[in-house]
There are 2 protein chains.
Amino acid sequence: MTTRIQKRNRRKILDAALDVFSAQGFRGATLDQIAAVAGLSKPNLLYYFDSKEAIHRALLEGLLEVWLAPLRAMNPAGDPRAEIMAYVRRKLQMSRDYPRESRLFANEVLQGAPRLEDAIAGDLKALVDDKAAVIRGWVAAGKLAPVDAYHLIFSIWALTQHYADFDAQIRMIRGARDPMDGAEAFVETLFERVLRG
Amino acid sequence: MTTRIQKRNRRKILDAALDVFSAQGFRGATLDQIAAVAGLSKPNLLYYFDSKEAIHRALLEGLLEVWLAPLRAMNPAGDPRAEIMAYVRRKLQMSRDYPRESRLFANEVLQGAPRLEDAIAGDLKALVDDKAAVIRGWVAAGKLAPVDAYHLIFSIWALTQHYADFDAQIRMIRGARDPMDGAEAFVETLFERVLRG
DNA sequence: AACAGACCTGACCAACCAGTCAAGTTTAAA
DNA sequence: TTTAAACTTGACTGGTTGGTCAGGTCTGTT
């Protein structure tokens with residue numbers, strides 16, 4: 001049974017942890033920082049979660065489904081180009097709406113994904129293999145320009161997540177402008193040309 | 001005056017530091033780890049470098065020029081499409097040859113580029129602004145399909161560096177295969193289609 | 001109001017980590 | 001071979017950090 005207070009505080013902790021972990025990485029983040037952002041004391045954090053690891057694990061677990069949802073939504077029965085473009089658009093929207101989540105994953109993967117190995121080698125790989133097969137099917141049926149399915153997926157990840165993950169760099173280069181200004185149009189045009197063949 | 005031993009040990013330290021910093025980030029790396037990889041004692045590291053910061057700074061300084069070289073080599077007097085494709089190829093080659101360097105930068109930028117602010121807002125921005133102007137010139141002269149210069153450059157970075165930075169993820173999904181197998185062909189085809197208009 | 005359980009915290013601890021230092025060993029030039 | 005400078009290190013220090021705990025306060029139920 002979870003109380004009203006538990007719900008509120010767990011949410012506060014996870015939100016603060018997302019702030020700090022995504023900006024500093026697991027090792028760089030401290031419980032004191034997370035506690036300060038959450039507006040709670042450090043021992044109180046550890047009243048709700050067993051350890052720093054446990055907070056991080058809870059974050060990743062909660063996020064994984066959200067993160068995979070856009071790819072999962074790709075419909076094998078739909079129009080190939082429309083389905084892929086819809087996926088691209090959903091991913092771009094996620095970079096805009098959830099940059100912290102993107103950076104949390106990026107930090108993790110960049111450092112060898114020690115805490116995501118099971119999820120990536122399991123669920124994620126299965127999903128990608130599945131959707132890659134769908135794309136290969138579309139190509140084989142002549143409904144799509146010939147394209148390597150895995151690299152197509154990787155390139156969608158690379159382009160969409162770049163805007164969230166390298167936000168600091170883009171800001172410094174583009175100045176005050178919204179870092180994603182024009183990004184959607186560019187990326188969509190790019191993939192349209194790729195899929196047109 | 002630098003002795004033979006100084007030269008060898010500084011090189012050993014920087015190579016070990018590149019290993020450790022690129023895999024763990026600045027905060028995650030410890031001098032003990034770097035010392036162990038370098039095969040030297042921790043006090044000995046600090047005999048050659050003033051601090052952990054100083055090692056990191058030396059790495060970044062040494063790398064920046066190498067990192068910017070491919071873009072710098074883009075020749076305004078050359079053939080637009082050939083110049084851009086040559087840049088793409090050089091960047092891909094760097095992802096393959098220097099993945100640790102790519103991850104070192106990625107770690108840094110991901111965490112807000114605190115130690116690279118000057119370099120990014122200075123040299124890098126100036127170079128990108130310059131080359132973006134060149135690309136806009138090519139477009140204006142009708143020598144290149146209309147394309148946003150900044151986003152074109154960002155997309156080249158995103159796609160090429162993704163293979164180095166997210167290597168762990170790609171390995172887990174693609175298994176034993178070389179993570180970059182087919183990447184060159186895919187990325188080159190992609191940009192050829194983008195530039196063809 | 002009284003009670004039980006949930007919630008919260010100051011003070012503390014052990015491990016870790018960057019950096020110091022005094023005292024050694026090695027190197028190379030004379 | 002001598003010698004001075006260059007190099008190396010075990011032992012240490014002070015600060016940080018994840019985590020504990022005893023004892024407190026708050027909350028909701030009867």
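Every chain is numbered from 1, with letters handed out A, B, ... down the list of sequences.
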Would one find a side-chain N or O of Gln6(B) under 4.0 angstrom from OP1 or OP2 of dC7(D)? yes
Is there a side-chain contact between Leu40(A) and Tyr47(A) in this structure, where contact means two heavy atoms from C-beta onward sitting under 4.5 Å apart? no
Ranking Tyr48(A) and Leu46(B) by the position along DNA chain C of their nearest nucleotide, the one closer to 5' is Tyr48(A)
Distance-only donor-acceptor check, side chains Gln111(A) and Asn107(B), under 3.5 Å: yes
Minimum heavy-atom separation for Ser41(B) to Ala35(B), with atom names? C-CB, 4.0 Å
Contact boundaries on DNA chain C for chain B, cut-off under 4.0 Å to non-hydrogen atoms: dC17(C) to dA28(C)
Figure out the NZ/P separation between Lys52(A) and dG19(D), and round it to whole Å. 8 Å
Under 4.0 Å protein heavy-atom contact, by nucleotide of nucleotides 21-30 of chain D - B base, S sugar-phosphate only: B------S--
If you round to the nearest 0.5 Å, how far is NZ of Lys42(B) from CD of Gln33(B)? 11.5 Å
Quiz item: Lys42(A) side-chain donor-acceptor pair to dG18(D) base, under 3.5 Å: yes
So, do Phe105(A) and Leu116(A) sit near enough that their side-chain heavy atoms are less than 4.5 Å apart? yes
Pick base, sugar-phosphate or nothing for Phe49(A), based on heavy-atom distances below 4.0 Å to the nucleic acid. nothing
Leu104(B) and Ser22(B): which non-hydrogen atoms are nearest, and at how many Å? N-CB, 3.9 Å
Close residues, residues 14-33 of chain A, relative to DNA chain C [heavy-atom separation under 4.0 Å]: Arg27(A)
Does Gln169(A) reach the main-chain N or O of Val109(B) with its side chain, forming a donor-acceptor pair under 3.5 Å? no
Heavy atom of residues 53-62 of chain B under 4.0 Å from DNA chain C: which residues? none
Heavy-atom closest contact (Lys52(B) atom, Arg27(B) atom, distance): NZ-O, 3.9 Å
If pairs are Watson-Crick or G-U with both distances under 3.5 Å, what is the dot-bracket string of DNA chain D, marking crossing pairs with [ ] and pairs to another strand with |? ||||||||||||||||||||||||||||||
Please confirm whether the ring centroid of Tyr163(B) lies under 6.0 Å from the ring centroid of His151(A). yes
Please report, rounded to the nearest Å, how far the C1' atom of dC7(D) is from the CG atom of Asn9(B). 9 Å
CZ of Arg171(A) to CD1 of Ile120(B): how many Å apart, nearest 0.5 Å? 13.0 Å
Does some side-chain heavy atom of Tyr48(A) sit less than 4.5 Å from a side-chain heavy atom of Ile55(A)? no
So salt bridge (Lys or Arg N to Asp or Glu O under 4.0 Å) across residues 126-142 of chain A, not counting sequence neighbours, yields Lys125(A)-Asp129(A)
Quick one: OG on Ser102(A) to CD on Gln161(A), what's the gap to the nearest 0.5 Å? 4.5 Å
What I'd like to find out is whether the side chain of Arg174(A) reaches to under 4.5 Å of the side chain of Phe154(B), using heavy atoms alone. yes
Is it true that Asp15(B) and Arg100(B) make a salt bridge, defined as a side-chain N closer than 4.0 Å to a carboxylate O? yes
Cation-pi check for Phe49(B) against Arg10(B): NZ or CZ below 6.0 Å from the six-membered ring centre and within 45 degrees of the axis, yes or no? yes
